[in-house]
Amino acid sequence: MSFLVDSIIMFTSQVLFFGFGWLFFMRQLFKDYEVRQYIVQVVFSITFAFSCTMFELIIFEILGALSSNSRYFHWKLNLYVILLVLIFVVPFYIGYFVVSNIRLLQRQKLLFACMVWFTFMYFFWKLGDPFPILSPKHGILSIEQLISRVGVIGVTLMALLSGFGAVNCPYTYMSYFLRNVTDSDILALERRLLQTMDMIVSKKKRIAMTRRQMYQRGEDQNKQTGLWGMIKSVTSTQTGSENLSLIQQEVDALEELSRQLFLETVELQATKERIEYSKTFQGKYFNFLGYFFSIYCVWKIFMATINIVFDRVGKTDPVTRGIEITVNYLGIQFDFFYAISSNKSSNVIVLVLAQIMGMYFVSSVLLMRMSMPLEYRSIVTEVLGELQFNFYHRWFDVIFLVSALSSILFLYLAHKQAPEKQMAL
Amino acid sequence: MASLDRVKVLVLGDSGVGKSSLVHLLCQNQVLGNPSWTVGCSVDVRVQDYKEGTPEEKTYYIELWDVGGSLGSASSIKSTRAVFYNSVNGIMLVHDLTNKKSSQNLYRWSLEALSKDSSPTRVIVSNGDYDREQFAENSVPLLLIGTKFDQIAETKRTEVLTRTAFLSEDFNAEEINLDCTNPRYLAAGTSNAVKLSRFFDKVSNPQPGYRYRILWHDLRILDHVMSFFVFL
């Protein structure tokens with residue numbers, strides 16, 4: 001009886017999560033587009049629902065809610081479904097939509113999508129070779145194989161994002177890094193931009209005028225006969241077209257300049273807004289948090305180094321911290337997705353997002369296991385089988401460190417470059 | 001009728017509707033082979049003959065300013081974009097016939113462009129919402145262009161065309177529906193070509209009638225007050 005009650009509870013919560021995912025998709029991701037293929041929305045919402053359910057199950061585990069039999073059953077069910085979705089459904093649809101964007105392959109869409117999927121499966125399987133995942137006790141198609149591979153990818157992704165987020169977050173929020181931008185700077189840049197546009201316009205007018213004259217002269221030329229007329233026509237058109245190509249090159253250079261000026265102006269505007277924001281109450285609060293966070297991030301990086309150098313397995317869990325950092329970073333991620341999405345690729349982008357989200361959630365469950373006290377570990381270990389959890393922790397530390405250091409380097413270079421460019425203006 | 005030295009026409013619309021392809025088709029009389037993202041603004045020039053064959057014949061160089069971006073962009077991008085909206089003589093509003101949202105967003109696009117216009121001869125009193133009367137009295141000529149016409153199935157055509165008819169009524173503008181990868185839609189003699197040249201003529205030779213300041217809020221209040229007194 002209790003099994004039935006528990007199942008109903010689980011099912012309702014899943015439906016709720018599905019609804020959230022659907023709404024999120026409609027309101028945020030596909031705000032500016034029309035949903036033409038509903039399958040994308042369904043797949044996204046399903047992935048979202050099952051990912052959230054996994055977390056819910058962990059919480060229930062800790063709280064001791066629901067009977068342990070039903071918990072076990074739902075764990076297994078959930079895990080199978082999400083693995084099915086992540087390994088079969090989502091990659092196939094990604095392949096399908098990528099293929100349908102390419103005009104050449106329109107005919108045999110399904111065939112090519114299957115080919116893409118097989119390539120994905122091949123690399124996915126190969127991924128397992130260098131890692132200590134294969135244990136002789138289990139067969140090829142066991143669930144451990146699949147989880148371990150998904151786990152590796154997910155952990156790598158999470159570590160990368162955490163590393164970058166750990167460095168980027170304080171950088172964004174702390175006003176110490178904000179360069180001083182005045183209104184006159186922005187006005188000067190805008191004036192330069194408009195001047196460049198005017199120059200482009202005048203050059204294009206010249207091209208249009210010259211082309212027109214050449215065309216008209218060409219018509220007159222056709223009426224001229226005789227050898228002399230032919231020679232004259234050849235030489236005049238040649239100089240005309242030489243001139244044109246020269247002006248065209250200048251126009252191309254000016255257009256490139258206008259694009260750069262536009263981007264620089266946007267950056268200056270953004271910096272000015274950040275400066276204004278940092279003067280508000282909210283801004284000051286985040287600034288303070290930023291300092292706090294930066295100290296914490298430095299400590300995290302230090303601990304990661306220690307763990308690797310002294311070959312220690314981290315007792316503190318990186319996952320919850322990683323989640324906090326990446327939750328902040330996810331906001332930035334979505335902006336990135338908006339920026340690179342367009343009508344055609346929006347389906348692909350959303351599916352990729354769903355894939356990343358799913359893998360991310362699976363691996364966080366994996367890592368979370370280490371941080372849970374012994375009594376709760378049992379069910380997770382039982383369900384997930386004999387995976388080498390220590391390995392995952394070490395792997396996370398390494399990738400986290402690498403990612404954090406490279407983002408520090410990257411941000412340092414970007415920061416250095418900007419004031420130099422300002423001075424060159 | 002005064003004529004202008006510089007004729008500037010904005011080409012506005014959501015990302016991916018086909019503004020760059022359209023501008024290329026209009027100016028180079030060729031189909032754009034490799035459409036790619038427009039960063040910032042790209043300008044092209046169209047040569048237009050006005051009153052050809054008559055003694056008042058004049059050749060205009062119409063600048064088509066194709067401003068890229070989306071309505072949901074960050075405010076820094078929006079404020080930078082506003083730089084391009086100064087002293088505009090005409091606006092071409094481009095929407096994708098296969099995407100309803102792009103048509104709906106045109107209201108916001110036109111508002112964004114018109115409220116940033118700093119030219120003192122045209123006043124738009126806007127409280128942020130769409131107001132049909134504004135567009136009725138707006139002196140900047142608008143032209144509505146629907147792209148990707150070839151991608152609409154035969155069965156859905158009437159439905160789409162009714163929708164765009166409502167749109168053109170709202171904007172008080174003519175509409176053209178075409179496919180930017182096929183020059184025959186703008187071939188000489190087609191109704192599209194006629195509408196296009198009519199639009200460019202209006203843009204290059206603005207009528208003096210709209211150069212008065214009209215404050216719609218005041219007029220409407222006055223209207224209400226008058227009707228109140230009449231009722232008394």
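Residue numbers begin at 1 in each chain, while the letters A, B, ... track the order of the sequences.
- Using a 4.0 Å cut-off between a side-chain N of Lys or Arg and a carboxylate O of Asp or Glu, B:Glu63 and A:Lys205 qualify as a salt bridge.
- For A:Leu193, the part lying under 4.5 angstrom from a heavy atom of chain B is the side chain only.
- Between A:Lys203 and A:Glu255 there is no salt bridge, since none of the side-chain N atoms of the basic residue sits less than 4.0 Å from a carboxylate O of the acidic one.
- Of the two parts of B:Val47, only the side chain, counted from C-beta on, holds a non-hydrogen atom closer than 4.5 Å to a non-hydrogen atom of chain A.
- Interface remark: B:Cys41 contributes backbone and side-chain atoms alike to the contact with chain A (heavy atom separation under 4.5 Å).
- Ranked by heavy-atom pairs under 4.5 Å with chain B, the first of A:Ile186, A:Val201, A:Ile200 is A:Val201.
- Under a cutoff of 6.0 Å and an axis angle of 45°, B:Arg157 and B:Phe149 form a cation-pi pair.
- Across all their heavy atoms, B:Thr98 and B:Lys148 have their closest contact at CG2-O, 4.1 Å.
- With hydrogens and angles left out, the side-chain atoms of B:Asp96 and B:Gln151 include no donor and acceptor closer than 3.5 Å.
- Using a 30° and 60° split on the angle between ring planes, A:Tyr96 and A:Tyr93 fall in the perpendicular class, above 60°.
- The contact between B:Thr59 and chain A is made entirely by side chain atoms (from C-beta outward), counting heavy-atom distances below 4.5 Å.
- Residue contact with chain A, scored on non-hydrogen atoms closer than 4.5 Å, is absent for B:Gln104.
- For A:Leu263, the part lying near chain B is the side chain, with the backbone staying farther off; criterion is any non-hydrogen pair under 4.5 Å.
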